[in-house]
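For reference, positions follow the sequence shown, starting with 1. Numbering of ligands and ligand atoms starts at 1, following listing order. Note that the coordinates shown come from a computational prediction; the quantities given were computed from them, not determined experimentally.
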Amino acid sequence: MSETDFSSSKSLFLGFDLSTQQLKIIVTNEDLKALKTYNVEFDSQFKEKYKVYKGVITPGDDGEIVSPVAMWLDAIDFLMDKMLKDKFPFDKVIGISGSGQQHGSVYWSEEADKLLKNLDPKKDLSEQLQKAFSWEMSPNWQDHSTIPEANAFHKAVGGKENLAKITGSRAHLRFTGLQIRKFVTRSHQKEYAHTSRISLVSSFVTSILLGKIDDIEQSDGCGMNLYDIEKSQYDDELLAVAAGVHTTLDHPESKQYQQDKIEELKQKLGKIKPITYESSGPISNYFTEKYGFSSKCKIYSFTGDNLATILSLPLQPNDCLISLGTSTTVLLITQNYNPSSQYHLFDHPTMPKHYMGMICYSNGSVAREKIRDEVNKKYEVKDHTNWSKFDEILEQSEGKPFDDKLGIYFPIGEIVPQAPAQTIRAVLSKDSEQYKVKKCKLDTDGFTVDDDALAIVESQTLSCRLRSGPMLSKSSVSQKDSKDTKEYEEIYDKVNKKFGKLYTDGKEQTRDSLLARPNKCYYVGGASNNQNIINKMGSILGPVEGNYKVEIPNACALGGAYKASWSHECETQNKHIPYDEYIKKLFDVNQELESFKVVDQWIEYFDGVGMLAKMEEELLVSDD
Ligand code: ADP
Ligand code: XUL
């Protein structure tokens, strides 16, 4: 029997999260209160049947990583059975939304439509949908078997910056367009001919819930390298690459043949569903009859997991969500479409004409742990996993001026900037007006292990600052602060005098990009439990409206549930309610949004900004 009391809630919403290793469903009510989470881990439940390890199968040594689609169907039935046993009141659910791991694709067969329409509640999904797929697998986002396809995409449009300009990202091995090209031209030619539709993981789940194939949701659709974000339509040239009929890459037999193949792929992908609060339809009979959902329960588009994560918080334009897990991920909201090959821009899933920026670093916590271990070795701290000494060093630096020492600590190859594993330490030498970065070694130029502890947190944060600047620039915030304009101008002139022009990832940092400040910064993930780390980050990033530490377990499932309740509210009022306004009431109910004060050193750290930019420009060896 459930210990959660659902009886005091009038209506319930479900937020799904179909991720690599598990399916989660979170239950919220009309007050945005999270009541309960159900989950099933694929390895613990389906290892025998599907031979998965950490939710995926690695069939060979060519980098291919896939998940069995039938396992996901079993997971849906399994979890709903579990809820049924828990006496979950399915009849109270009035809206469902959610998320799926991004970029993964599902290939439907010609029989899919009919099979989906006629699902029998007495049978399981996987049993009935065996013939609904032209390929029984879905490429996972960790797949890295598409290097030739990445080259093809870049070649077709004249390089990675151009591709990023069109689609919001350069070619990434996991992106759907590359996976489709591999499917069409290399791995599954025959199956492609029998593919009726292609879904993303997000639209795959809604298709199951609706009992009909659903269109791809716009913001998740930006993770394909096929969609022209500014024009809000598929790019025909990129579709030609995916379909294996690009003029210079594939030399198709005729223009007509090429056009036919582009059209064919367009049909298989279906329409991109624009950002909307409108539902895709009611839940299908299979679920009403089998589990007791009301036929009034509506399905709202699912989106990608990172996109759903930003929906779990009252994020406004220029707010940043910094996730300090194994890797570091920065998610931010902007109205500024300023793409770069080094980060991602996606359409925002609920705010039209807004974008979600995403910067993914591979060197996050693990790099900090290495320095922590060295610090503990020096001070003979027995437990090498203890953070106290590392913390003490950070704490002592609080409010002190920047000490002109930075480091690039990449124990593993880095994504941004794209560079092989390496460590570089440097000091800033100030001869006259011109500042110079001087490479140094540990225990030379006064650079100690203690300095490493401070320098890694500073450098990682400055990298976030340098790369979020172009996305935040021309922001309402920097314009709002008009009283500071003169001061800002002087800062910019000073930086220019000291360092000359600054470049990040090959692009000049403009006045706007250097002077842009975030609005609010939110910190999540393991290392956000370390107050000294996030204090330092906050003082460098300098958000104008403060820093917040957040604990949101199941953020993407929660974001999905909130999207469902927001959509329902908009439908009820028959108008678009700005998402950030709707979700603001979260501030009243969510005690986990804990604000903290820092010493604002945003201006002081301009020397650090200049120094890191120069280090990256002059010292880094790139893999590219
Ligand atoms: P993921 O979800 O990516 O697996 P988590 O969000 O759980 O990871 O974060 C794990 C990381 O958090 C660990 O690698 C660890 O270094 C870091 N971490 C946890 N507690 C602290 C702390 N007190 N100080 C610094 N880092 C911490
Ligand atoms: C984002 C990405 C991963 C997956 C994880 O681009 O590939 O974060 O979405 O599920």
Side-chain angles (χ1 to χ4, degrees), residues 17-24 54-56 65 67 98-105 138-144 167-176 178-179 200-202 219-225 302-310 321-331 343-346 356-373 375-376 383-395 411-412 415-416 453 456-457 460 523-537 549-557 559:
D17 168 25
L18 179 55
S19 73
T20 307
Q21 299 197 46
Q22 59 181 327
L23 172 67
K24 265 185 218 153
K54 291 189 183 281
V56 294
I65 301 181
S67 290
S99 67
Q101 51 183 290
Q102 288 179 244
H103 322 295
S105 38
S138 169
N140 177 265
W141 59 276
Q142 298 166 90
D143 184 288
H144 48 281
T167 70
S169 301
R170 70 171 150 87
H172 291 272
L173 303 182
R174 63 192 191 279
F175 272 49
T176 325
L178 283 66
Q179 294 290 341
L200 294 180
V201 177
S202 54
S219 61
D220 206 17
C222 299
M224 296 196 285
N225 280 140
F302 283 28
T303 185
D305 53 353
N306 291 292
L307 293 149
T309 297
I310 59 168
L321 174 64
I322 299 150
S323 168
L324 300 166
T326 309
S327 53
T328 298
T329 305
V330 179
L331 301 177
Y343 49 72
H344 307 268
L345 281 166
F346 300 85
M356 181 188 83
M358 178 166 87
I359 316 171
C360 298
Y361 295 95
S362 41
N363 288 286
S365 284
V366 178
R368 286 190 298 273
E369 282 168 15
K370 276 196 180 295
I371 306 275
R372 173 203 65 193
D373 292 353
V375 168
N376 285 342
D383 174 12
H384 74 96
T385 64
N386 190 309
W387 288 93
S388 327
K389 201 67 209 171
F390 186 98
D391 285 353
E392 200 182 302
I393 296 165
L394 288 185
E395 201 174 351
I412 55 172
I415 308 170
V416 264
I456 189 169
V457 177
Q460 288 180 338
Y523 304 85
V524 294
S528 70
N529 291 311
N530 187 318
Q531 193 60 45
N532 291 296
I533 291 180
I534 58 176
N535 279 349
K536 184 57 67 185
M537 294 187 79
K549 181 175 170 258
V550 217
E551 267 171 54
I552 26 168
N554 312 316
C556 39

Asks: Checking the N or O distance criterion of under 3.5 Å, is ligand 1 in contact with N529?
Replies: no
Asks: Show me which atoms of ligand 1 lie under 4.0 Å from any heavy atom of G325.
Replies: 3 (O), 5 (P), 6 (O), 8 (O), 9 (O)
Asks: For A557, is there any backbone N or O sitting under 3.5 Å from a side-chain donor or acceptor partner on N554?
Replies: no
Asks: Looking only at protein heavy atoms, identify the closest one to atom 11 (C) of ligand 1 and say how far it is in Å.
Replies: S365 OG, 3.5 Å
Asks: Is a side-chain N or O of S323 found less than 3.5 angstrom from the main chain of V524, in a donor-acceptor match?
Replies: no
Asks: Which ligand 2 atoms are under 4.0 Å away from a heavy-atom of M358?
Replies: 1 (C), 6 (O)
Asks: Please verify the inter-ring angle class for H103 with F175; under 30° counts as parallel, over 60° as perpendicular, anything in between as tilted.
Replies: parallel
Asks: For atom 13 (C) of ligand 1, which candidate among R372, Q531, E369 provides the closest heavy atom?
Replies: E369
Asks: For atom 7 (O) of ligand 2, what's the nearest protein heavy atom and its distance?
Replies: R174 NE, 2.7 Å
Asks: I'd like to check which ligand 1 atoms, numbered from 1 as shown, lie under 4.0 Å from a non-hydrogen atom of G525.
Replies: 6 (O)
Asks: Please check this pair: side chain of S105 against backbone of L200, looking for a donor-acceptor N/O pair closer than 3.5 Å.
Replies: no
Asks: What protein heavy atom sits nearest atom 27 (C) of ligand 1, and how far away is it?
Replies: A527 CA, 3.6 Å
Asks: At under 4.0 Å between heavy atoms, which part of I533 makes contact with ligand 1: side chain, backbone, both or neither?
Replies: side chain
Asks: How far is atom 5 (C) of ligand 2 from its nearest protein heavy atom, and which residue and atom is that?
Replies: D305 OD2, 3.1 Å
Asks: Using a strict 4.0 Å cut-off to heavy atoms of H103, name the atoms of ligand 2 that fall inside it.
Replies: 1 (C), 2 (C), 6 (O), 7 (O)
Asks: Would you check if the side chain of D143 reaches a backbone N or O of N140 as a donor-acceptor pair within less than 3.5 Å?
Replies: no
Asks: Within the distance-only criterion (no hydrogens, no angle test), does the side chain of S169 pair as donor or acceptor with the backbone N or O of G223 below 3.5 angstrom?
Replies: no
Asks: So which heavy atom in the protein is nearest atom 4 (O) of ligand 1, and how far is it from that ligand atom?
Replies: T326 OG1, 3.1 Å
Asks: Keeping Q179 on the side-chain end and L173 on the backbone end, is there a donor-acceptor pair under 3.5 Å?
Replies: yes
Asks: Is there any N or O on T20 that sits under 3.5 Å from an N or O of ligand 2?
Replies: no
Asks: Which residue owns the protein heavy atom closest to atom 20 (N) of ligand 1, what's the atom, and how far is it?
Replies: G526 O, 3.5 Å
Asks: Using a strict cut-off of 4.0 Å, indicate which atoms of ligand 2 neighbour a heavy atom of Q101.
Replies: 10 (O)
Asks: Any donor and acceptor pair, going by atom type alone, linking the side chain of N225 with main-chain N or O of T176 inside 3.5 Å?
Replies: no
Asks: Name the closest protein heavy atom to atom 24 (N) of ligand 1, giving the residue it belongs to and the distance to 0.1 Å.
Replies: N530 ND2, 3.0 Å
Asks: Can you tell me which residue and heavy atom of the protein come closest to atom 26 (N) of ligand 1, and the distance to 0.1 Å?
Replies: W387 CZ2, 3.3 Å
Asks: A side-chain contact here means heavy atoms from C-beta on lying under 4.5 Å apart; do L331 and T309 qualify?
Replies: yes
Asks: Quick check: does any side chain N or O of N363 sit under 3.5 Å from a backbone N or O of I412, one acting as donor and the other as acceptor?
Replies: yes
Asks: Return the minimal non-hydrogen interatomic distance between C360 and T329, and the atom names on each side.
Replies: SG-CG2, 4.3 Å
Asks: Please confirm whether the backbone N or O of H384 pairs with a side-chain atom of R372, one donor and one acceptor, at under 3.5 Å?
Replies: yes
Asks: Please list the nearest protein heavy atom to atom 8 (O) of ligand 2 with its residue and the distance rounded to 0.1 Å.
Replies: N306 ND2, 3.1 Å
Asks: Check whether any protein heavy atom sits under 4.0 Å from atom 18 (N) of ligand 1.
Replies: yes
